[in-house]
Amino acid sequence: MAERRYYLWNIGCQMNRADAQRLEEELARRGLVSTRQPERADVLVLNTCVVRQSAEDKVVGRLASLSAIKRRHPERVLVVMGCFVADPAALATRFPYVDAFFRPSDVAGVMAYLDERAERDAPMDPCAPVLPAPVSDLVPISYGCNHHCTYCIVTIRRGPEISRPLDEIVADVTDRVARGAREVTLLGQNVDSYGRDLPGHPDLADVLQAIHGIEDLWRIRFLTSHPQDMTQRIIDVAAALPKVCPSWELPVQSGNDAVLRRMARGYTADHFRDLVARIRAADAASAINTDIIVGFPGETADQFADTLQLVEEMRFDVVHIAAYSVRPGTPAANWPDDVPPEEKERRRVAIEELQTRIAGEINAAALGTTVEVLVDGRQRGRWRGRTRTNRLVFFADVGAWMGRLAQVRITWAGPWSLIGEVVGEGCPTF
Ligand code: SAH
Ligand code: F3S
């Protein structure tokens, strides 16, 4: 039987990455082989994102470029899933050459559809090899979000929050670790509200405690946190458990209270400051990353200055900066998008320049120190891994370091990565 190939195109958040990875595993279990050339694929899957207009444009562009392949080879299967899919019937009219549309994270739906098609066409290879999991793996703990941030389409496309039962998460992590994962990142649009829809209301701290005992699991991370929902219990439990890395994804979005109110974020800048202080009090080594939107409707120069001030003050490790993008269907889309594009760009660059300096200073302080790196790959002839605080580290060595902990002495520091030399092997002592 001729080898069947699949082409998977994926953009967007970590949740999409997790979905894409699971799709690849399912396809590989059925004997399909990955190809990066869509024209050679029997099965084409697009996992989409529409968080900003630029992402949506990429999806539409990709669909247009694949339409020619479908016209030439109608027997090939093209499916689209992810946040682009709001109204499958309307999309089917607009993109008639797409075989089927599936909602965000509906990996099961995509696979059921492909299995059914395969029965009609050529049967898929029934062999089911056990596939290795990535050293650093992604495990969803909840889907959707109950917040309604006024700029956000994710909550609209993904719907209300649904938490996975605790025992299902433990079983999933156990399986991934048995297949070679040594680090897991627990995923949710808002991990701090995990479990509110489940019987007995377990929280993120319960998840951390439940998976902490899994042998051969060395590191635990989670994202994304929400400043309104993070509890002291979550901070304390995360700080007390040695496998939980001191690394927080805590989006602030703005440093100005009026803007935060219009965004419907549910906290003030001072509440955020207090939260950061409590995280650092629980563990001084905590790295804190954030997201910021510049040029939200009505954001004045003074209000933006409050954000700049907060960034200066907080000394974040990483700041993801986005220029506000109108998302039809969101509440903010009804307000004038009144910050001109060149002013949005000026504000974006102002934060970027400030943060580049701060990140450079934070990383420079690592020079000469020895950090523990979990090695997860190779890049340009060097080993690549991450510190517990999620800093990227490269080192050259003849040893076979993949999936191991290396003790690395830092010899070079830039704002986005570190370079060092191995001084020994780390030992996971828990
Ligand atoms: N709850 C998740 C997903 C939110 S979307 C999280 O907090 O990560 C991810 C980021 O995209 C947000 O934090 C925000 O900074 C940015 N974003 C969302 N909608 C946006 C919009 N309309 N314009 C610009 N940036 C946006
Ligand atoms: Fe979106 Fe706000 Fe939820 S950014 S995903 S509505 S916390």
Side-chain angles (χ1 to χ4, degrees), residues 11-19 48-57 82-84 104-105 138 140-163 185-194 196-197 204 221-230 247-255 259-267 272 275 288-299 304 307 310-311 316 318-339 341 343-345 347-348 351-352 355:
I11 57 168
C13 63
Q14 299 284 329
M15 190 61 84
N16 268 17
R17 275 189 55 195
D19 293 338
T48 59
C49 171
V50 292
V51 69
R52 285 179 286 278
Q53 187 63 45
S54 54
E56 185 157 357
D57 292 345
C83 287
F84 184 67
S105 293
L138 303 167
I141 63 168
S142 64
Y143 298 100
C145 181
N146 290 345
H147 281 274
H148 299 285
C149 302
T150 52
Y151 52 80
C152 180
I153 197 161
V154 177
T155 183
I156 298 172
R157 294 291 162 93
R158 286 189 173 266
E161 182 176 284
I162 299 171
S163 303
T185 301
L186 307 174
L187 298 180
Q189 300 302 331
N190 176 4
V191 289
D192 295 317
S193 64
Y194 168 84
R196 288 182 193 170
D197 55 329
L204 175 64
R221 304 181 188 279
F222 50 84
L223 56 91
T224 302
S225 295
H226 195 296
Q228 191 188 8
D229 297 312
M230 187 180 288
S247 176
W248 301 77
E249 293 285 339
L250 191 61
V252 65
Q253 310 298 2
S254 166
V259 174
L260 286 171
R261 209 162 34 242
R262 288 205 305 280
M263 289 177 164
R265 289 290 291 175
Y267 54 85
F272 184 87
L275 203 50
I288 299 180
N289 301 342
T290 203
D291 295 2
I292 283 172
I293 297 176
V294 297
F296 187 74
E299 184 186 71
F304 171 70
T307 302
L310 188 82
V311 171
F316 295 111
V318 176
V319 179
H320 311 280
I321 319 158
Y324 170 72
S325 167
V326 180
R327 302 290 55 218
T330 60
N334 299 320
W335 307 330
D337 181 16
D338 54 2
V339 179
E343 178 59 16
K344 282 182 187 165
E345 179 61 8
R347 293 179 190 181
R348 197 190 62 74
I351 295 190
E352 190 175 80
Q355 183 57 29

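These values consider heavy atoms only, across backbone and side chains, with no hydrogens, waters or symmetry-generated copies. Counting starts at 1 for both ligands and their atoms, in listed order. Given the structure is predicted, the values throughout are model-derived calculations rather than measurements.
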*Numbering the atoms of ligand 1 from 1, which are under 4.0 Å from a heavy atom of Pro251?*
7 (O)
_Please determine whether Cys145 has a backbone or side-chain N, O or S atom lying under 2.8 Å from atom 3 (Fe) of ligand 2._
yes
_Within the structure, is a non-hydrogen atom of Cys13 found at a distance of less than 4.0 Å from ligand 1?_
no
*asked:* If the cut-off is 4.0 Å to any non-hydrogen atom of Arg327, which atoms of ligand 1 fall inside it?
replied: 22 (N)
*Going by the side-chain hydrogen bond (donor to acceptor under 3.5 Å, both in side chains) test, name the single residue among Thr290, Thr224, Asn289 that passes it with Glu249.*
Asn289
*Confirm or rule out an N/O/S atom of Cys149, from backbone or side chain, lying less than 2.8 Å from atom 2 (Fe) of ligand 2.*
yes
*Is Glu299 salt-bridged to Arg262, going by a charged N under 4.0 Å from an acidic O?*
no
*Contact check, Cys145 vs ligand 1, heavy-atom distance below 4.0 Å*: no
*Does Ile293 reach ligand 1, in the sense of a heavy atom lying below 4.0 Å from it?*
yes
*Is there a heavy atom of Arg265 sitting under 4.0 angstrom from any atom of ligand 2?*
yes
_Those atoms of ligand 1 less than 4.0 Å from some heavy atom in Gln189_ = 1 (N), 2 (C), 3 (C)
*Please could you name the atoms of ligand 1 that Thr224 approaches to less than 4.0 Å, counting only its heavy atoms?*
6 (C), 7 (O), 8 (O)
